[in-house]
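Treat the numbers as computed from the prediction; the structure is a model and nothing was measured. Side chains are part of it too, since the values below use all heavy atoms of this structure and drop only hydrogens, waters and symmetry mates. Chain letters run A, B, ... following the sequence lines, proteins first, then strands; residues in each count from 1.
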Amino acid sequence: MKKLPRSFYTRSPLLVAQDLLGKILVRKIGKHVFSGKIVEVEAYRGELDPASHAYRGKTKRNEVMFREGGFLYVYFTYGMHFCANVVTGKANKGEAVLIRALEPIEGIEDMKRNRNMPPDKEPMYSLTNGPAKLCQALDIDGGNNGTDLLGEEIFLTEGKSLLKSATGTSTRVGISRGKEKKWRFFIKGNAWVSKK
DNA sequence: CGACCGATTGACT
DNA sequence: GTCAATCGGTCGG
């Protein structure tokens, strides 16, 4: 399938977030290939958005957010978890979209191993139904921060087209500022969407 | 420097 | 439902 071009990413995070639903995230590591359909995302609007890591401007930690769209921003939080974002917009905007949940497609046995789940169990929603869970499943950590999504290691491709009516919006999860903004987007009824 | 807290998860009452 | 794990960023003194 066709890799998404730079122009997909260099737009507003609100547009990119909605358009990311249904796209396929591919992660290659050695001989292993992981892939999954994006089913839940949240937009973070840079210096305009008090919930964004970019709100207070560029630092060593969030430098990748201030690149042009199409790079991967991976951050460490709660002392143990990694979360992955797609950087959007033009350079120096600090905009990104958090990938919150995936529906696994390829590499499910390896994802189970990465998540310490018994391999004989059926695929379960708990494999990738949260931003830190999917990073653990796909073996994404701080070392992947700054990866160019137009490269061969981690990238996105087109998926099946999705009707607008199949998606929903809500407020974002786990934040204390900017609570009222409905910048979370998800595929309605999909079993891998976090929270329930 | 110390205190607080976070774009979370999983274990436990 | 509550709460600990665990550490880097941020802010106040």
Side-chain angles (χ1 to χ4, degrees), chain A residues 9 12-21 23 25 36 38-67 69 71-89 93-104 111-118 121 123-147 149 154 156 167-187 191-196:
Chain A
Y9 300 104
S12 148
L14 294 174
L15 290 174
V16 175
Q18 295 171 76
D19 288 349
L20 278 173
L21 294 176
K23 298 291 190 286
L25 174 64
I38 295 174
V39 302
E40 179 184 350
V41 296
E42 286 176 0
Y44 286 86
R45 300 188 66 192
E47 294 180 292
L48 305 171
D49 180 0
S52 171
H53 291 167
Y55 184 55
R56 292 173 189 78
K58 184 149 110 175
T59 66
K60 194 164 193 174
R61 176 201 198 195
N62 65 22
E63 167 271 317
V64 173
M65 291 185 87
F66 288 84
R67 298 186 190 174
F71 289 85
L72 193 72
Y73 168 54
V74 182
Y75 68 88
F76 182 63
T77 192
Y78 290 103
M80 64 183 87
H81 296 304
F82 293 97
C83 296
N85 298 248
V86 171
V87 175
T88 78
K93 299 287 258 184
E95 301 168 335
V97 176
L98 173 67
I99 311 296
R100 287 196 55 89
L102 291 179
E103 178 179 328
M111 291 186 198
K112 286 180 178 175
R113 201 183 57 242
N114 290 341
R115 295 266 303 130
N116 302 312
M117 284 177 60
K121 288 236 164 78
M124 292 177 59
Y125 61 85
S126 62
L127 210 48
T128 52
N129 68 336
K133 293 180 187 181
L134 70 89
C135 282
Q136 189 184 9
L138 303 207
D139 200 14
I140 291 171
D141 63 21
N144 303 110
N145 187 38
T147 302
L149 297 175
I154 303 174
L156 294 161
T167 69
T169 67
S170 80
T171 56
R172 293 173 292 179
V173 174
I175 55 171
S176 57
R177 293 172 300 184
K179 273 179 135 69
E180 72 291 348
K181 305 295 186 189
K182 293 192 172 181
W183 291 342
R184 175 173 175 253
F185 305 92
F186 55 91
I187 297 179
W192 280 268
V193 171
S194 72
K195 296 297 165 190
K196 185 197 87 97

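- Spacing of C1' atoms, dA7(B) relative to dG1(C), comes out at 23 Å, to the nearest Å.
- If you run side-chain contact (heavy atoms from CB on, under 4.5 Å) between N145(A) and each of F82(A), F71(A), Y73(A), Y75(A), only Y73(A) comes through.
- When both pairing distances are held under 3.5 Å, dG13(C) makes no Watson-Crick or G-U pair with any nucleotide shown.
- K60(A) has no side-chain polar atom (N or O) that falls below the 4.0 Å cut-off from OP1 or OP2 of dG9(C).
- Side-chain contact between T169(A) and Q18(A): absent, with no pair of heavy atoms (C-beta onward) separated by less than 4.5 Å.
- In this structure, Y75(A) places its OH atom 14 Å from P of dG9(C), rounding to the nearest Å.
- Using Watson-Crick or G-U wobble geometry with both donor-acceptor distances under 3.5 Å, dT6(C) finds no partner in any strand shown.
- Counting non-hydrogen atoms under 4.0 angstrom, R172(A) reaches nothing in the nucleic acid.
- Distance, N116(A) CG to dA11(B) P: 11 Å, rounded to whole Å.
- Put simply, CE on M80(A) is 14 Å from P on dA7(B), counting in whole angstrom units.
- Atom OH of Y78(A) and atom P of dG9(C) are 16 Å apart (whole Å).
- Note that CG of L127(A) and CD of E103(A) are 11.5 Å apart. Values are rounded to the nearest 0.5 Å.
- Residue R56(A) contributes atom CZ, which lies 11 Å from atom C1' of dG6(B) at whole-angstrom precision.
- Looking at L134(A) and W192(A), their side chains never come closer than 4.5 Å, going by heavy atoms from C-beta outward.
- Side-chain contact between K133(A) and S194(A) is absent, with no heavy-atom pair separated by less than 4.5 Å.
- Proximity note for I175(A) (side chain, C-beta onward) versus dC11(C), dC7(C), dA7(B): the nearest is dA7(B).
- Heavy-atom nearest nucleotides on DNA chain B were determined for R177(A) and for S126(A), and the one closer to the 5' end corresponds to R177(A).
- Of the candidates dA7(B), dT8(B), dT10(C), the closest approach to any side-chain atom of A132(A) belongs to dT8(B).
- Distance Q136(A) CD to dT9(B) P: 10 Å, rounded to the nearest Å.
- Distance from the side chain of F76(A) is smallest for dC7(C) among the nucleotides dC7(C), dG10(B), dA5(C).
- Here dG10(B) presents its P atom at 11 Å from CG of L127(A), a figure rounded to the nearest Å.
- Following rounding to the nearest Å, H81(A) (NE2) and dC7(C) (C1') show an atom-to-atom distance of 12 Å.
- For dA7(B), one of the phosphate oxygens OP1 or OP2 lies less than 4.0 angstrom from a side-chain nitrogen or oxygen of H53(A).
- OP1 or OP2 of dC5(B) has not a single side-chain nitrogen or oxygen of S176(A) nearer than 4.0 Å.
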